[in-house]
Amino acid sequence: MTRPEDLLELAVATAREAARMLVQERPAAGPDVVQTKSSPTDVVTAMDRAAEKLIVERIAEARPGDAFLGEEGGETGGGSGVRWVIDPIDGTVNYLYDLPDWAVSIGAEADGVPVAGAIVIPRRGEVYTASRGGGAFLETAGGRRRLRVNENVPLAQALVATGFGYASGRRAHQAEVLRGVLPNVRDIRRGGSACIDLCAVAAGRVDAYYERGTQAWDVAAGALIVAEAGGRVAGLDGAPMSPEFTLAAGPGTFESLHALLAPLDPAHD
Ligand code: 2AM
Ligand code: CA
């Protein structure tokens, strides 16, 4: 039998190791990396691939037979019923510019149900974890605390995180949606990492998060962390979260923000 706590322990240890490697081996920052003739995104892609390789190797060593879905490696088989959903670097643009908000995100599903999630943010010294039914936690050098979302925040006082896609046409529509949101909320935060935005919802550091275009690996661990912190993560009109649209918030806030967003058609380009 596979216990969520055992999967979580492996996820945390593996994400910590990958994060350490990514910090140590990150090419020197500055204009060289950001602007050079040799494409800067190649540098990040190479690190992304190396981190995902490390993660898959470690987990496959410990648990042969599990399946994987990763941003870099795609889908690989395994008949155990456990699938690992991996984002080796979430917040790749932050990583490229040496901004601190990037993370390693590892989620585990058993028979399609999310059961464990670990998000390691090495430059902040934070590790977020959740296991199904076991709650969500933030570990720092100072200790470990249980997470709880903010509830029933009036829209006018809601601090709302969001993100934008990479394609120009999509961004134009996302700017239109933002025009409808911004006058009605306290303010917007655009951190650059979907999984860290979800951790912020879980920790009550923002009141809500919405985005179009996030993939399963961006949100697998983070959505479980929000749910275990008492929040709700879903798409529009009762649909499950998907690349179409993801909205995360505490009870009450979720419904108010949904009512504001739905008429703005945020799930289309
Ligand atoms: P990334 O850093 O791994 O690319 C930015 O708004 C957030 O959304 C980041 O977490 C980014 O992940 C993710 N993201 C944006 N556009 C994406 C896309 N087209 N596919 C996958 N993830 C995307
Ligand atoms: Ca990502």
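Note that ligands are numbered from 1 as they come in the structure, with each ligand's atoms numbered from 1 the same way. These figures come from a predicted structure and were not determined experimentally. These numbers come from the heavy atoms of this one structure, side chains and all, not from hydrogens, waters or symmetry mates.
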Under 4.0 Å between heavy atoms, the region of I89 that gets near ligand 1 turns out to be backbone

Quick one: do R205 and L138 satisfy side chain to side chain contact (heavy atoms under 4.5 Å, CB included)? Show the steps, please. CA-CA 12 Å; R205 290 178 176 176; L138 165 58; 3.8 Å; yes

* **salt_bridge(E17, R20) N-O dist < 4.0 Å** => no

Of all protein heavy atoms, the one nearest atom 10 (O) of ligand 1 is D90 OD1, 2.6 Å

task: Please confirm whether R144 makes a cation-pi placement over F137, using NZ or CZ under 6.0 Å from the six-membered ring centre and within 45° of the ring normal.
output: yes

(Q) Is there a polar contact, in the sense of an N or O pair closer than 3.5 Å, between T92 and ligand 1? (A) yes

Heavy-atom proximity to atom 18 (C) of ligand 1, picking from G165, G213, G192, points to G213

Any donor-acceptor pair under 3.5 Å from H258 side chain to L236 backbone = no

A student checking ligand 1 against S193 at a 4.0 Å heavy-atom cut-off should list atoms 10 (O)

Answer yes or no: is there an ion pair linking R123 with D98, defined by an N-O contact shorter than 4.0 Å?
yes

Hey, is ligand 1 close enough to E211 that some N/O pair sits below 3.5 Å? yes

A student checking ligand 1 against G163 at a 4.0 Å heavy-atom cut-off should list atoms 6 (O)

>> So P88 and E71, do their side chains get closer than 4.5 Å, heavy atoms only?
In response: yes

If you compare S105, G91, C195 by their heavy atoms, the one closest to atom 2 (O) of ligand 1 turns out to be G91

heavy-atom search around atom 19 (N) of ligand 1 in the protein gives Y166 CD1, 4.1 Å

Under 4.0 Å between heavy atoms, the region of A194 that gets near ligand 1 turns out to be both

Within a strict 3.0 Å cut-off of the Ca ion (ligand 2), protein N/O/S atoms tallied 3

* Asked: Looking only at atom types and distance, does a side-chain atom of T253 sit under 3.5 Å from a main-chain N or O of V153, one as donor and one as acceptor?
  -> yes

Between I55 and T14, the two heavy atoms sitting closest are CA-CG2, 3.7 Å

Margin query: Using a 3.5 Å distance criterion without hydrogens, assess whether the side chain of H173 forms a donor-acceptor pair with backbone atoms of D265.
Written below: yes

min-distance protein heavy atom vs atom 5 (C) of ligand 1 -> R190 NH1, 3.4 Å

When every non-hydrogen atom of A19 is compared with those of V120, the smallest separation belongs to CB-CG1, 3.7 Å

Sub-3.5 Å donor-acceptor pair from the side chain of N94 to the main-chain atoms of W102, do we have one?
-> no

Atom 23 (C) of ligand 1: closest protein heavy atom, distance to 0.1 Å, is D218 OD2, 3.8 Å

ask   = Is it true that E75 and R83 make a salt bridge, defined as a side-chain N closer than 4.0 Å to a carboxylate O?
value = yes

Counting heavy atoms under 4.0 Å, the part of F164 that contacts ligand 1 is backbone

Closest to atom 20 (N) of ligand 1 among protein heavy atoms sits Q215 CG, 3.7 Å

